[in-house]
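Worksheet: one structure, shown below.
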Amino acid sequence: MKIATWNVNSVKARIDAVLGWLKEATPDVVGFQEIKCLDEAFPRLEFEALGYNVETFGQKTYNGVAILSRHPIEDVTRGLPGFEDTQSRYIEAVIAPKGGKAIRFCCLYLPNGNPVASEKYPYKLDWMAALQARVEALLPLEESLVVAGDYNVIPTPADVHDPAAWAKDALFLPTTRAAWRRLANLGLTDAIRACNALPGQYTFWDYQAGAWPKNNGIRIDHLMLSPQAADRLASAGIDRHVRSWDKASDHVPAWCTLQ
DNA sequence: ATGCCGCCAACATGGCGA
């Protein structure tokens with residue numbers, strides 16, 4: 001089963017690229033972030049025509065997440081349990097292949113947190129604490145669990161072209177990275193890192209300052225696996241070529257396959 | 001130091017978020 005995550009930065013502005021990538025990559029399950037539209041405005045017919053079931057948790061203008069799956073989608077949860085949130089940043093469901101192994105899939109758009117001196121940074125940390133609590137609640141179920149999305153966290157210096165330039169950014173502050181490690185240390189496997197230890201495995205390049213041609217990227221989109229999912233991990237990758245497409249998102253898809 | 005992009009309200013462009 002191929003499972004992917006992609007911050008599309010507006011599904012309506014990106015529809016041609018999104019459909020093109022789906023036809024090329026043929027993921028079984030994909031989580032989208034920053035769909036930037038209400039549920040009723042989501043182009044579900046286009047995705048259903050490619051054979052996907054669709055569940056959305058939309059929001060006008062900002063945020064919004066969605067799950068597409070070739071297999072039935074069951075037990076959908078919208079919003080991070082136990083966390084009061086006015087922003088649509090989390091959708092979770094069970095993907096249940098007929099006659100196959102089910103997975104629980106969480107699609108998240110973790111707050112950016114900048115500027116650090118504003119209320120946005122404590123909101124990010126509170127959100128990360130609630131995510132921690134959710135994963136702590138799910139791990140005892142001993143399911144194949146994939147917690148995927150735009151984490152807005154650069155885990156290590158190997159995940160950023162210029163660590164010094166990002167030292168005071170909410171995506172890379174020691175406090176942010178400590179919260180990331182607390183989550184990972186629950187026993188989650190970073191699928192991209194488990195399959196590729198090389199530095200420079202970026203998933204995001206800013207539109208500004210020629211970041212893409214200069215390869216000034218960061219790795220902030222992650223697929224985190226429970227032990228039961230990690231045991232099934234066969235491969236993982238980043239579709240970086242998508243960044244050069246016409247009207248590209250500033251993020252590219254990341255994916256893994258489970259046996 | 002700055003460089004982009006998409007959204008909205010509302011008609012031209014400024015504010016917001018990233």
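Because only heavy atoms are used, hydrogens play no part in the values below, and waters and symmetry mates are left out as well, while side chains stay in. Lettering of chains follows the sequences in order, A, B, ..., and the numbering in each one begins at 1.
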Counting only side-chain heavy atoms from C-beta out, which of [options] sits nearest to [X]?
X      : options              : answer
A:Y109 : B:dG6, B:dC7, B:dA18 : B:dA18
A:R89  : B:dA18, B:dC4, B:dG3 : B:dA18
A:K60  : B:dA18, B:dA9, B:dC7 : B:dA9

What distance, rounded to whole Å, do you find between the two [atom1] atoms, one in [N] and one in [M]?
N      : M      : atom1 : value
B:dG14 : B:dC4  : P     : 16 Å
B:dA10 : B:dG6  : P     : 23 Å
B:dC7  : B:dA1  : P     : 31 Å
B:dC8  : B:dA18 : P     : 15 Å

Taking [atom1] from [X] and [atom2] from [N], how many angstroms apart are they, rounded to a whole number?
X      : N      : atom1 : atom2 : result
A:D169 : B:dA18 : CG    : C1'   : 10 Å
A:Q208 : B:dA18 : CD    : C1'   : 9 Å
A:D150 : B:dG17 : CG    : P     : 17 Å
A:I218 : B:dA18 : CD1   : C1'   : 10 Å
A:W212 : B:dC5  : CH2   : C1'   : 17 Å
A:D250 : B:dC7  : CG    : C1'   : 14 Å
A:H251 : B:dC5  : NE2   : P     : 15 Å
A:K214 : B:dC4  : NZ    : P     : 12 Å

Point to revise | Steps toward side chain to side chain contact (heavy atoms under 4.5 Å, CB included) verdict (A:M224, A:Y151) | key: CA-CA 10 Å; A:M224 302 299 283; A:Y151 279 72; 3.3 Å; yes
Review point. Base, sugar-phosphate alone, or nothing: which one does A:A13 contact when heavy atoms must sit under 4.0 Å apart?
Key: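 Result for A:A13 = sugar-phosphate.
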Review point. According to the side-chain hydrogen bond (donor to acceptor under 3.5 Å, both in side chains) rule, which pairs have a member within residues 217-227 of chain A, sequence neighbours left out?
Key: A:D159-A:R219, A:D190-A:R219, A:T203-A:D221, A:R219-A:H222, A:D221-A:H251, A:S226-A:Q228
Study note, to complete from the structure: side-chain hydrogen bond (donor to acceptor under 3.5 Å, both in side chains) with A:Y109: of A:E34, A:Q33, A:R89, only one passes, and it is A:E34
Check your understanding: Pick the nucleotide of DNA chain B nearest each of A:E34 and A:Y207; which residue has the one closer to the 5' end?
Key ->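 This one resolves to A:Y207.
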**Study point:** Closest-nucleotide ordering on DNA chain B, the 5'-leading residue of A:N112 and A:K247
**Key:** A:K247
Point to revise | Sugar-phosphate or base contact per nucleotide [nucleotides 11-16 of chain B; S, B, -; heavy atom under 4.0 Å] | key: -----B
Exercise for review: Considering just the side-chain nitrogens and oxygens of A:K36, establish if one lies under 4.0 Å of OP1 or OP2 belonging to B:dC5.
Suggested key: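 Result: no.
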**Study point:** Distance below 4.0 Å between A:R14 side-chain N/O and B:dC5 OP1 or OP2
**Key:**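 False: A:R14 side-chain N/O out of range (4.0 Å or more) of B:dC5 OP1/OP2.
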Exercise for review: Could you walk me through whether A:I67 and A:V30 pass side chain to side chain contact (heavy atoms under 4.5 Å, CB included), step by step?
Suggested key: CA-CA 6 Å; A:I67 296 175; A:V30 56; over 6 Å; no
Point to revise | Sidechain N-carboxylate O distance under 4.0 Å for A:E92, A:R134 | key: yes
Check your understanding: Between A:N63 and A:F57, does a side chain to side chain contact (heavy atoms under 4.5 Å, CB included) hold up when you go through it step by step?
Key -> CA-CA 9 Å; A:N63 312 306; A:F57 184 38; over 6 Å; no
Practice item. Anything under 30° is parallel, anything over 60° is perpendicular, the rest tilted; go ahead and classify A:F32 against A:F42. Key: tilted
Review point. Distance under 6.0 Å and angle within 45° of the ring axis: does A:R240 meet both against A:Y202?
Key: no
